[in-house]
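Note sheet for the following structure.
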Protein chains: 2
Amino acid sequence: MQNPVPAASAPGKAVMAAPKRKLVAEETNRRADILRAAGRLFAEKGYAATTIRDIAGAVDMQSGSPFYHFRTKHDMLRAVVLEGIGAINAAVAQAAASGKSPRATFEAMLRAHLDQLLGAEGRDFAATLLHESRHLDAEAQAEVVMLKDRYEAMWQKTLKDLKRAGLIAVDSPLASLFLLGALNWTVQWYRPDGGKSVAQIARQLSSLLLKPAG
Amino acid sequence: MQNPVPAASAPGKAVMAAPKRKLVAEETNRRADILRAAGRLFAEKGYAATTIRDIAGAVDMQSGSPFYHFRTKHDMLRAVVLEGIGAINAAVAQAAASGKSPRATFEAMLRAHLDQLLGAEGRDFAATLLHESRHLDAEAQAEVVMLKDRYEAMWQKTLKDLKRAGLIAVDSPLASLFLLGALNWTVQWYRPDGGKSVAQIARQLSSLLLKPAG
DNA sequence: CCTACCGATCGGTAGG
DNA sequence: CCTACCGATCGGTAGG
């Protein structure tokens, strides 16, 4: 949304069509490069301790150049955080709609959430979402809160399904918060080269909360 | 440990004893004031976004004066974080040694942990411990990791006791991590003026994890 | 603990 | 997207 097409590539004659398309794609990639680098640095050092020069250097730009793609540093944070919650929401919603049994659906949702938090593609966006959202301005924070509420409601609904199926004793909102806490805390201790896979962690959490099968 | 007695209060004659003692007490209080203010600001805005001028202003000092009590901003962070983990450790260890039944001991430990995280006296130190420790240097981080490991071992032992008493199905290290995640995540959603008290939260988490009584 | 200050660094911009 | 730059702010210090 920010400078999707720079002023430099103003509309030209028909002969310009091909180069223009390529330019747009390159610019989009550059923007995505900056976002990935910003996400990694925000996750590693925190938003306030990350400088524009850090981000620019990570994508081999000069310090003023990121501002061609983003208006402010704050806009980068906003984009990273929204990417984080968007990816988690999409992944877990897909798992929730898989049409399997309540227990299998629940485990698929746990896996999806953990994949986003711990997997290489999503973890920097997720960590920034979890730890740096307070640096957003009030408007962006309200946006994030709305998306978070929607996300938590999805888990609340899943707990109700599990209760109805007799697989869980309590489906209070508090139970959702405990569950999300156990999930989100994994970013503090999970190591990719540790003994446990994401699928194993999901299964153990499931078996801790649900009644034994059969 | 940092400037416990400033050079200004060098040993004098006997007549100096009383004023000197008072001076020391005042200086100690000033240091504690700074630490509380730093904890609050670190918890609210994060370490990197908090300036020495913020902290000095919060205790009505000029911007250079905190350095009379602390060598660097980093030393303040270290002191805040160590105060945080020290207080949690002490509170939960006391609950663990209460000599009650396994279930009652467990609930007392949950309450103690949550009191430190959510209560007015400890929450800023605890939040700084949980969210800002990454800004510590390697040496201080190792110190914190050691204390954290000791703390987690205490919970691990408690889970083993519960297992032995037949109150819990699984006492793996992973279960400890899930439990601590559910506990530590409360700082993200708990509101003092919300509907639930710390004791209620502790009881609900206990009943979610333990088998029904009797 | 204050006054007065310093060098370094920061987010952002004008003009190309 | 780079060059060159600006005003603001930062952690920290010397001297009292």
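None of these values were measured; they are calculated from a predicted model. Residue numbering restarts at 1 for every chain, and letters A, B, ... go by the order of the sequence lines.
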For nucleotides 1-6 of chain D, 5' to 3', base contacts (B), sugar-phosphate-only contacts (S) and non-contacts (-) with protein non-hydrogen atoms under 4.0 Å give BBB---
* **Under 3.5 Å side-chain donor-acceptor pair for B/Asp54 and B/Thr51** => yes
Is the shortest side-chain heavy-atom distance between B/Tyr47 and B/Thr128 below 4.5 Å? no
For C/dG15, the nucleotide meeting Watson-Crick or G-U wobble distances (both under 3.5 Å) is D/dC2
Item checked: Exercise: do B/Glu152 and B/Ser176 side chains pair donor with acceptor under 3.5 Å -> no
Separation of C/dG11 atom C1' from A/Ile55 atom CD1, nearest Å, is 11 Å
Which of C/dC10, D/dG12, C/dG12 is nearest the side chain of A/Thr72? It is C/dG12
To the nearest angstrom, the CG-P distance between B/Leu77 and D/dG11 comes to 13 Å
- Message: Using a strict threshold of under 4.0 Å (side-chain N to carboxylate O), is an ion pair present between B/Glu83 and B/Arg31?
- Response: no
Between CZ of A/Phe67 and C1' of C/dG16 the distance, given in whole Å, is 18 Å
- Message: I'd like to know whether CD of A/Gln200 has more than 12 heavy-atom contacts from other residues, nucleotides or ligands below 6.0 angstrom.
- Response: yes
Atom NZ of B/Lys45 and atom C1' of D/dC10 are separated, to the nearest Å, by 12 Å
Rounded to whole Å, the CG-P distance (B/Asp54 to D/dC10) equals 7 Å
From NE2 of B/His74 across to P of D/dG11 the rounded distance in Å is 14 Å
**Report entry** Any B/Phe125 side-chain heavy atom under 4.5 Å of B/Gln116 side chain
**Finding:** no
Rounded to whole Å, CD1 of B/Ile52 lies from P of D/dC10 at a distance of 10 Å
